[in-house]
Amino acid sequence: MKMSQLLIPTLRDDPGEAETVSHRLMLRAGLIRKVAAGIYTYLPLGLRVIRKIEQIIREEMNRAGAQELLMPIASPAELWKETARWDYYGKELLRFKDRHERDFCLGPTHEEVITDLFRREVRSYRQLPLNFYQIQTKFRDEIRPRFGLMRGREFIMKDAYSFDLDEAGAKVSYQNMYDAYTRIFTRCGLTFRPVEADTGLIGGDVSHEFMVLAETGEATVVYSTEGSYAANLERAEACPPTEADTSALLPLTAVETPQRRTVEEVTAFLRVSSRQLVKTLLYRSGTESVAVLIRGDHEVNEVKLARLLQVTDVTLADPDTVQRLTGCPPGFAGPIGLQQVRILADRAVEGIKNVVVGANKADTHYQNANVGRDFSVEQFADLRNVQAGDPSSRGPGVLTLAKGIEVGQVFLLGTKYSQKMNATILDEQGKERLAIMGCYGIGVGRTAAAAIEQHHDDKGIIWPFPIAPFHVHLLTVSQSEKTTETAARLYPELENAGFEVLWDDRPDRAGVKFNDADLIGIPFQVVIGDKGLADGIVEIKIRKGGLKSRIAPHDLVDHLKTLRLEHDPSVR
RNA sequence: CGGGGCGUAGCGCAGCCCGGUAGCGCGCCUGCUUUGGGAGCAGGAUGUCGGAGGUUCAAAUCCUCUCGCCCCGACCA
């Protein structure tokens, strides 16, 4: 295509609204424009990238035996009420009424709609397994959309749903999708890592997230230095302490700790290690309050706590609630004499002796408090975030933390939706059985953003070949007839050889074209100008690495074909 | 939801404190020259100064309300 005829509004200055690399470059390279917070138009160049990623997804989903369909964006409240997610989903679900005052929402995900389809249309186990997918616009009214396509409110998602007769079959379907995702992200040129994940609002039993490792990632990934264990921090299991504290129990003593509230202040004041302090945090979930005991150098993992309590979320109690439950202001809560609430504790608290705890009295702590002797704990559980250097809970090695962008997630749902919506099928004995489901999502725009996060330099984007908007950026750097004629001859030759070519035929100066080309990041740049033609050559620059070579025009196509073998895995 | 910041030409910004009727750079349009890493000269167009209300002879500027956007946080006692 000719650049003079495409809307590619590149920007010379960084737009003020963008901070992260991918957001900035997507705006500067003319891929997207914002319409409202978290809502974007995909410009021609951006859409080509999106379509490339979608195509890879389609090919791999089809190869995995999934079938494509397309569900509506708007869905009626009735379906969501069947699963109770009409209430559960909260403000993220964008609701509206039609002209008859009937409730609708914009689909943030499509378990309800697909399960409804399934229960109406599928009767027999003979039709299973089934896997449906769509690539479609989703809407989630996020609390804080940010970073361009990374966390939008409206975004393109590939979602797939599998239906099996039994657990074993569902596991095969799950693994099948796991493998397809691995192929998809590999083909997109991403460095990623599948990690064990929490299931959140979608629900279910088993889940993995596909994380692209990048500093700007919003998720924290935990992985073992030597073993294969990897998990989202929300999920990562902490090992119980291995060494038991064998110290003799010392007598409990109350000490004054005026104005010392935080772990730092109290431990500094009492000159003890933060490992010798046990903090008492009060949490609320719905109507219930619980106290959580955690070692001073650890952090509570609220996802783990919520799962233990079997609720969707927990929040730290506000100061008034703390005052009411403990009789003291925040900073001095402790387990000794604490009434009215259940006391839960992280496993790391179980074996330590002679600890510092709050005294439930302003400006006072206890020293040498001991579990069993001075207070009791209803249940010990894994309730903390793992830390770098902790031993891996499975396999060898210690844990390392890194930031990651979640580009895909797979869930084994079990019967969560089929049960609520009564999606049954007849088995060999003619008995009705609930379908076992799985669901599988990929953020298409986020995948593009993640690719930029991983592949860029200070000049601009460096697209991996398979998802680049074009393969070859043809730059004519003179306006002479000779140059134009050469380009006009090479352009169709390249296209006939299977290259997608963007020809910068604009009457701008060379510098402008070079800078735009580097910004846009098409893998191969071909420079045609009078200087080169006088020597009988055109120039090739590989965007990644910047390697330049000079080549006779009639050898260009063959040479690029050879280069493509190196850069495009799909032609290997 | 809480905190902070920002809304002035397509983009990046100045002007605001101290009121006097809007400016700079880039981009855009015309012409000439130039033409291999963001050209030069000359001429030109473009703003309801986010919106509403108020104060004033006079408001981008002061006051009140409101909308939008960006960033951080959402309580670790």
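A, B, ... follow the sequence lines: proteins, then strands. Residue 1 opens every chain.
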Apply the test salt bridge (charged side-chain N to carboxylate O under 4.0 Å, His left out) to residues A:R95 and A:D103: give CA-CA distance (whole Å), side-chain angles for both, the deciding distance (0.1 Å), then the verdict. CA-CA 7 Å; A:R95 300 147 211 259; A:D103 286 316; over 6 Å; no
Assess whether side-chain contact (heavy atoms from CB on, under 4.5 Å) is satisfied between A:M3 and A:D505, documenting all intermediate values. CA-CA 6 Å; A:M3 216 164 153; A:D505 61 331; 4.1 Å; yes
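Applying the salt bridge (charged side-chain N to carboxylate O under 4.0 Å, His left out) test to pairs two or more places apart or on separate chains, none has a residue in residues 353-364 of chain A. A ring-ring contact (aromatic ring centres under 6.0 Å, His included) check over residues 292-320 of chain A, counting only residues at least two apart or in different chains, returns nothing. Residue pairs that meet the salt bridge (charged side-chain N to carboxylate O under 4.0 Å, His left out) test with at least one member in residues 478-490 of chain A, sequence neighbours left out, do not exist here.
Separating the P atom of B:C65 from that of B:G20 is a span of 25 Å, rounded to the nearest Å. Across B:U21 and B:U55, the matching P atoms stand 22 Å from one another, rounded to whole Å. Rounded to the nearest Å, the gap between the C1' atom of B:G73 and that of B:C17 is 30 Å. Going from the C1' atom of B:C72 to that of B:C29 covers 43 Å, rounded to whole Å. Spacing of P atoms, B:C18 relative to B:U30, comes out at 46 Å, to the nearest Å. B:G3 and B:A74 are spaced 15 Å apart, taking the P atom of each and rounding to whole Å. Annotation: B:A39 and B:C26 have their C1' atoms spaced 14 Å apart (nearest Å). One C1' atom belongs to B:G50, the other to B:C41, and the distance between them is 38 Å to the nearest Å.
In this structure, CD of A:E218 is placed 11 Å from P of B:G73, rounded to the nearest angstrom. In this structure, the CG atom of A:D318 is 18 Å from the P atom of B:C1, given to the nearest Å. One can place CZ of A:R284 at 17 Å from P of B:C76, the figure rounded to the nearest angstrom. The distance from atom CD of A:E299 to atom P of B:A74 is 10 Å, rounded to the nearest whole Å. In this structure, A:Q479 places its CD atom 13 Å from P of B:A39, rounding to the nearest Å. Summarising the geometry, the separation between CG on A:L43 and P on B:C11 is reported as 13 Å, rounded to the nearest angstrom. Atom pair A:Y283:OH and B:C76:P shows a separation of 9 Å (rounding to whole Å applied). The distance from atom CG of A:D14 to atom C1' of B:G38 is 14 Å, rounded to the nearest whole Å.
Under the rule for a side-chain contact (heavy atoms from CB on, under 4.5 Å), the partners of A:E154 that lie at least two apart in sequence or sit in another chain are A:I39, A:T137, A:F139. Residues satisfying the ring pair (Phe, Tyr, Trp, His ring centres under 6.0 Å) test with A:H567, not counting sequence neighbours, are A:F524. Under the rule for a ring pair (Phe, Tyr, Trp, His ring centres under 6.0 Å), A:W80 has no partner lying at least two apart in sequence or in another chain. Partners of A:H23 according to the ring pair (Phe, Tyr, Trp, His ring centres under 6.0 Å) rule, which considers only residues two or more places apart in sequence or in another chain, do not exist here.
Not one N or O on the side chain of A:S376 forms a donor-acceptor pair closer than 3.5 Å with the backbone of A:G372. Looking only at distances, a side-chain donor or acceptor of A:S273 sits under 3.5 Å from a matching main-chain atom of A:R275.
Within 4.0 Å (heavy atoms only), A:I294 reaches no atom of the nucleic acid at all. Residue-level contact check: A:T315 touches neither bases nor backbone, having no heavy atom under 4.0 Å from any strand. Within the 4.0 angstrom heavy-atom criterion, no nucleotide atom of any strand lies near A:P319. Across all strands, A:L475 comes closer than 4.0 Å to no nucleic acid atom at all (heavy-atom distances).
Judged purely by distance below 3.5 Å, without hydrogens or angles, the side chains of A:N232 and A:D198 never pair a donor atom with an acceptor atom. For the residue pair A:Q367 / A:T253, no side-chain donor-acceptor distance below 3.5 Å is found, with atom types taken as modelled. For the residue pair A:T326/A:N360, the side-chain donor-acceptor check at 3.5 Å is not satisfied. Side chains of A:K403 and A:T220: a donor on one and an acceptor on the other come within 3.5 Å. Using a 3.5 Å distance cut-off with no hydrogens or angles, the side chains of A:T486 and A:T483 do not pair a donor with an acceptor.
Of the listed nucleotides (B:C1, B:G36, B:G12), B:G36 has the atom at the smallest distance from the side chain of A:V477. Here the side chain of A:K459 is nearest to one of B:G37, B:C11, B:C76, namely B:G37. Which of B:G12, B:C76, B:C26 sits closest to the side chain of A:D13 comes down to B:G12. Ranking B:C75, B:A74, B:G36 by closeness to the A:E302 side chain, first place goes to B:C75.
Using a 4.0 Å cut-off on heavy atoms, the residues of residues 504-523 of chain A that approach RNA chain B are A:R509, A:A510, A:G511, A:V512, A:F514, A:N515, A:D516, A:D518, listed by number. Of the residues in residues 544-560 of chain A, those lying under 4.0 Å from RNA chain B by heavy-atom distance are A:K548. A heavy atom lying under 4.0 Å from RNA chain B marks the following residues of residues 259-268 of chain A, by number: A:R261, A:T262, A:V263. Within residues 372-383 of chain A, no residue is approached by RNA chain B to less than 4.0 Å at the level of any non-hydrogen atom.
Counting non-hydrogen atoms of other residues, nucleotides and ligands closer than 6.0 Å to CD of A:E215 gives a total of 12 or fewer.
Between the side chain of A:R28 and the base of B:G38, a donor-acceptor pair under 3.5 Å is found.
Base pairing annotation: B:C6 forms a Watson-Crick or G-U wobble pair with B:G68, both donor-acceptor distances under 3.5 Å.
Here A:L309 contributes atom CG and A:E302 contributes atom CD; the two are 11.0 Å apart, rounded to the nearest 0.5 Å.
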Please tabulate the protein-to-nucleotide N/O contacts below 3.5 Å involving nucleotides 69-71 of chain B, giving atom names and distances.
unit_1, atom_1, unit_2, atom_2, d
B:C69, OP1, A:A37, N, 2.9
B:C69, O3', A:K34, NZ, 3.0
B:C69, O2', A:K34, NZ, 3.4

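With the nearest nucleotide of RNA chain B identified for both A:L533 and A:V300, A:L533 has the one nearer the 5' end.
In this structure, A:R48 is positioned above the aromatic face of A:F470, its NZ or CZ under 6.0 Å from the six-membered ring centre and within 45° of the axis.
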